[in-house]
Amino acid sequence: MGLKILLTGASGLVGGSFAPAANAAGHEIVGTVGRWPQPLPGLARQVALELQDEAAVRALVRDTQPDVIVNAAAISEPAQCDAEPEKAWRLNVALPAWLAQATGETGARLFHLSTEQVFDGTRAPYAVGDARRAINRYAQHKLEAEDRVLAAAPGRAVVLRLPLLMGNSPGGRRSVHERLLMLWADGKPAKLYLDEIRQTCTADSVAAALVELCSRPDLHGALHWAGAEPVSRLDIGRRVRAHFGLNDTQAPIIPVARRDDPAAQATRQADLSLNLAPLVQELITRPETFDEALAKLKRPAWWQAKS
Ligand SMILES: NC(=O)c1ccc[n+]([C@@H]2O[C@H](COP(=O)([O-])OP(=O)(O)OC[C@H]3O[C@@H](n4cnc5c(N)ncnc54)[C@H](OP(=O)(O)O)[C@@H]3O)[C@@H](O)[C@H]2O)c1
């Protein structure tokens, strides 16, 4: 039976993949956007809402009476969290806490999206119960949100930790390959760490896992989803470049070493590979190989218009 799903951040990288996938699975999606101006696919209703406004958020949950809430809204850029720390805290910590509290009134389940960055990168691969240590403000926010969500909605909430994400976002400017293409379109080289390891997957893979989770009320607590294999940032860049048929002149890459960069060591985690147990044994959806993820990457509309 189709569920009523309230999706925050419908215009983001994950939200933009989740709504069409959940809609195709027979669910009805009410999605919030912030500044995104156009209708998005997969939504039964699109609501423009300032998610820093607690009263408005609680009213939307009350009015919608969802079976499931998927919180894909966030300030997901570490640099933006440092530039606007209070706003970032309201989106990354207060909002998930309000949503978790609201599930107590409606009985809804909550899927809150978290990050591999709650770990410090020194002891990969990380299992769900491993000690967390945040080394930047974004990670601190996400760690605090995990605790608040699980405390406020025990048995009803899933905190789904995700890796660095690839994929095709609604505006074409949010995922790893989209950001690389933006740099190259501006004539800039991409400086990529050869010793920074991520188990990236696409937002479509996350969406497939989330859709399956919607029909699994037996699963709750902290869980991990990611790709099938750890890859270095440098390899990600090189393989994205090859996927789009670009050469070194069109898409210059400068390999750099994190171990030679004290500033990077202070705020960027070395290896955030994830152990996907127990979720991977529970789902039919399989983690993507890097090549499977690459095959899904499209040229963003802005890039096609430029070339
Ligand atoms: N991207 C990654 O690599 C990655 C990796 C691990 C975990 N995650 C987590 O996955 C989740 C989804 O990330 P994402 O990459 O899909 O994020 P994203 O592309 O940056 O999208 C963020 C969403 O939040 C909305 N939003 C932000 N501020 C808002 C505000 N003040 N009021 C209303 N809406 C607001 C945006 O709306 P508008 O654009 O319409 O303004 C957008 O829909 C986040 O929890 C993130 O921490 C992401």
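One is the number of the first residue; the rest follow in order along the sequence. In each ligand, atom 1 is the first atom listed, and ligand 1 is the first ligand listed.
Residues D82 and Y138 have side chains not in contact (no heavy-atom distance under 4.5 Å, counting atoms from C-beta outward). Residues E116 and R198 have side chains in contact (heavy-atom distance under 4.5 Å, counting atoms from C-beta outward). R161 is not listed as a side-chain neighbour of L223, based on a closest heavy-atom distance of 4.5 Å or more.
Between F119 and Y126, the ring-plane angle classifies as parallel under the 30° and 60° cut-offs.
Ion pairing between K296 and D204 fails under the 4.0 Å rule for side-chain N and carboxylate O. Checked for salt-bridge contact, R268 and E196 meet the test: a charged N lies under 4.0 Å from a carboxylate O. At a threshold of 4.0 Å, the pair R132-D147 counts as salt-bridged, since one of the basic side-chain nitrogens sits closer than that to a carboxylate oxygen. Using a cut-off of 4.0 Å between Lys/Arg side-chain N and Asp/Glu carboxylate O, E146 and K142 are scored as not salt-bridged. In summary, R239 and D291 engage in a salt bridge, as defined by a charged side-chain N under 4.0 Å from a carboxylate O. Taking the charged nitrogens against the carboxylate oxygens, R90 and E86 have no contact shorter than 4.0 Å, which rules out a salt bridge.
With R173, H112, Q52, E50 as candidates, the residue nearest to atom 31 (N) of ligand 1 on a non-hydrogen basis is E50. Closest to atom 17 (O) of ligand 1 by heavy atom, among P96, A145, S76, is S76. Checking C81, A139, A72, P163 against atom 12 (C) of ligand 1, the nearest heavy atom belongs to A72. When the options A74, G167, G9, A56 are ranked by their closest heavy atom to atom 22 (C) of ligand 1, first place goes to A74. Among L51, D53, T200, the residue whose heavy atom lies closest to atom 35 (C) of ligand 1 is L51.
The ligand atoms of ligand 1 that sit less than 4.0 angstrom from a heavy atom of G34 are 33 (C), 34 (N), 37 (O), 38 (P), 40 (O), 41 (O). Each of the atoms 40 (O) of ligand 1 lies under 4.0 Å from some heavy atom of W36. Heavy-atom contacts of L49 reach the following atoms of ligand 1: 32 (N), 33 (C) (cutoff under 4.0 Å). Using a 4.0 Å cut-off to heavy atoms of L164, the atoms of ligand 1 that qualify are 3 (O). Counting the atoms of ligand 1 from 1 in the order shown, those under 4.0 Å from a heavy atom of V14 are 12 (C), 16 (O).
At the top of the distance list for atom 21 (O) of ligand 1, counting protein heavy atoms only, stands G12 CA, 3.2 Å. Looking from atom 19 (O) of ligand 1 to the surrounding protein, the closest heavy atom is R174 CD, 2.6 Å. Atom 29 (C) of ligand 1 has as its closest protein heavy atom L91 CD1, 3.8 Å. Scanning the protein for heavy atoms near atom 43 (O) of ligand 1, the closest one is S11 OG, 2.8 Å. Counting only heavy atoms of the protein, atom 48 (C) of ligand 1 lies nearest to L165 CD1, 4.0 Å. Atom 10 (O) of ligand 1 has L113 CB, 3.8 Å as its closest protein atom, hydrogens excluded (heavy atom only).
At a 4.0 Å cut-off, at least one heavy atom of S114 sits close enough to ligand 1 to count as contact. A heavy-atom separation below 4.0 Å is found between K142 and ligand 1. Note on ligand 1: A203 sits outside its first shell, no heavy atom being nearer than 4.0 Å. Using a 4.0 Å heavy-atom cutoff, S169 is absent from the residues neighbouring ligand 1.
Polar contact check, I75 against ligand 1: no nitrogen or oxygen pair lies under 3.5 Å apart.
Contacts between S175 and ligand 1, counted as non-hydrogen atom pairs separated by less than 4.0 Å, are absent for every part of the residue. By the criterion of a heavy-atom distance under 4.0 Å, the side chain of Y138, and not its backbone, is placed next to ligand 1. Looking at R35 against ligand 1, both its backbone and its side chain come within 4.0 Å, counting heavy atoms. Here V176 has no heavy atoms under 4.0 Å from ligand 1, in either its backbone or its side chain.
By the neighbour-count criterion of 12 heavy atoms within 6.0 Å, atom CD1 of I254 is densely surrounded, having more than that number from other residues, nucleotides or ligands. Counting heavy atoms of neighbouring residues, nucleotides and ligands inside a 6.0 Å radius, atom CZ of R179 exceeds 12 of them.
Between C214 atom SG and L3 atom CG the span is 6.0 Å, to the nearest 0.5 Å. Note: D53 CG to R58 CZ = 11.5 Å, rounded to the nearest 0.5 Å.
Between the side chain of H177 and the backbone N or O of G237, no donor-acceptor pair lies under 3.5 Å.
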